[in-house]
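So that the names make sense, note that chain A is the first sequence line, chain B the second, and so on, each numbered from 1. Side-chain atoms are counted along with the backbone in the values below, which use heavy atoms only and exclude waters and symmetry mates.
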There are 2 protein chains.
Amino acid sequence: MVSDSVLLALQRATHHTLQALTAALADLDLTASEIDTLANLADGRSRNVRELSLDTGTRSTTLTGVLDRLERRGYVTRELDPGDRRSFRLTLTGPGRTAARKVRAAVTELEATALAGLSARQLAGYHAVVSALQEVS
Amino acid sequence: MVSDSVLLALQRATHHTLQALTAALADLDLTASEIDTLANLADGRSRNVRELSLDTGTRSTTLTGVLDRLERRGYVTRELDPGDRRSFRLTLTGPGRTAARKVRAAVTELEATALAGLSARQLAGYHAVVSALQEVS
DNA sequence: TATTGTTATACTCTATAACTATA
DNA sequence: TATAGTTATAGAGTATAACAATA
């Protein structure tokens with residue numbers, strides 16, 4: 001394994017955790033992108049597509065389809081932003097908040113399980129590295 | 001941004017770095033999975049599909065298509081493993097090694113740029129966390 | 001019986017470009 | 001002119017199940 005590379009380790013961890021997460025949330029029948037979107041919206045704050053795109057690292061063209069499905073499902077609403085009528089405020093509905101809470105719970109549990117033996121210092125190092133990586137593009 | 005979550009930060013960093021990497025390697029005309037596969041094979045060691053699947057976190061059904069394209073392109077060969085004739089040894093060809101070297105160079109450069117200001121201790125923390133995450137599934 | 005890898009299917013994600021509406 | 005978001009298209013990734021060959 002080429003685990004000395006920061007980026008290869010990142011890819012590997014992403015794929016493995018995504019599979020674990022979709023399996024843990026199988027009863028909600030969500031795709032990885034839908035899970036990611038709900039987890040980001042879970043704080044209850046409204047966002048527009050551009051902000052969600054930055055938060056998830058997903059392109060707006062991809063988010064259109066993801067949001068279509070979440071909206072059709074009654075989890076998310078798109079409302080015209082009166083302040084800038086080119087954009088929408090994305091907001092969770094009641095059922096959307098319920099689903100998002102389950103997603104966050106699964107995320108939290110997976111993190112707690114995986115990271116049980118690690119120190120705060122190691123976690124701080126992790127966050128410093130991923131923050132630096134995410135700013136390359 | 002919900003940057004306090006280890007998993008959300010992981011997703012975000014993955015998407016952003018993948019876009020930067022495919023852009024940096026645009027002249028090779030490779031997809032993200034092809035880049036990941038070449039980067040993993042770049043050490044010159046032969047692997048079978050199962051090992052590559054563990055290294056990348058990608059399913060074997062997905063790898064079949066990725067390897068088909070890399071093979072058609074003359075970058076990778078599949079040879080029956082005499083020791084276990086259910087599986088193949090995947091090996092880079094000459095042109096494959098050249099492409100893989102470019103991929104690794106781009107990976108290395110991106111890492112060097114992004115992580116310039118970080119300490120060895122922070123990097124060690126990062127590796128501890130991603131290793132722990134990758135073992136959840 | 002279990003494992004390796006491929007095939008098949010249907011759906012989702014991605015890249016790119018073009019487009020509308022608004023700023 | 002620039003930005004927000006959608007649409008369109010084609011190709012790539014994903015999950016699932018079924019399958020042949022080998023162990």
Tell me which of A:Ala32 and B:Phe88 sits closer to the 5' end of DNA chain C, going by the nucleotide each one is nearest to.
B:Phe88
[N] [atom2] sits how many Å from [X] [atom1], rounded?
X       : N      : atom1 : atom2 : value
B:Arg59 : D:dG13 : CZ    : C1'   : 11 Å
B:Asn48 : D:dA21 : CG    : C1'   : 15 Å
A:Leu52 : D:dG5  : CG    : C1'   : 13 Å
A:Glu51 : D:dG5  : CD    : P     : 8 Å

Quick one: list whatever passes side-chain contact (heavy atoms from CB on, under 4.5 Å) with A:Thr58, sequence neighbours left out.
A:Thr56, A:Thr62, A:Leu63, B:His15
Within the 4.0 Å heavy-atom criterion, would you say [X] contacts the bases, only the backbone, or no part of the nucleic acid?
X       : answer
B:Thr58 : sugar-phosphate
A:Thr62 : base
A:Ser60 : base

As a quick check of understanding, evaluate side chain to side chain contact (heavy atoms under 4.5 Å, CB included) for B:Leu52 and B:Leu67, giving each step before the final call.
CA-CA 11 Å; B:Leu52 184 60; B:Leu67 292 169; 4.2 Å; yes
If only side-chain N and O atoms of A:Arg50 are considered, is one of them under 4.0 Å from the OP1 or OP2 phosphate oxygen of D:dA4?
yes
Checking B:Arg59 now: which residues fulfil salt bridge (Lys or Arg N to Asp or Glu O under 4.0 Å) with it, not counting sequence neighbours?
none
Under the salt bridge (Lys or Arg N to Asp or Glu O under 4.0 Å) test, which residues partner A:Arg50, sequence neighbours left out?
none
Tell me which pairs pass salt bridge (charged side-chain N to carboxylate O under 4.0 Å, His left out) where either residue lies in residues 75-84 of chain A, with sequence neighbours left out.
A:Asp68-A:Arg78, A:Glu71-A:Arg78, A:Asp81-A:Arg89, A:Asp84-A:Arg86
Can you pull the salt bridge (charged side-chain N to carboxylate O under 4.0 Å, His left out) pairs that have at least one residue in residues 109-132 of chain B, sequence neighbours excluded?
none
Contact boundaries on DNA chain C for chain B, cut-off under 4.0 Å to non-hydrogen atoms
C:dT3 to C:dT14
By a strict heavy-atom criterion of less than 4.0 Å, which residues belonging to residues 63-86 of chain A are in contact with DNA chain D?
A:Thr64, A:Arg78, A:Arg86
Distance-only donor-acceptor hits, side chain of residues 94-102 of chain A, under 3.5 Å, sequence neighbours excluded:
residue	atom	partner	partner atom	Å
A:Arg97	NH1	A:Leu92	O	3.3
A:Thr98	OG1	A:Gly94	O	3.2

Any Lys/Arg nitrogen of A:Asp55 or A:Arg47 sitting under 4.0 Å from an Asp/Glu carboxylate oxygen of the other?
yes
Cut-off 3.5 Å, no hydrogens considered: what does the side-chain donor-acceptor table look like for residues 22-29 of chain A, sequence neighbours left out?
residue	atom	partner	partner atom	Å
A:Thr22	OG1	A:Leu18	O	3.0
A:Thr22	OG1	A:Gln19	O	3.1

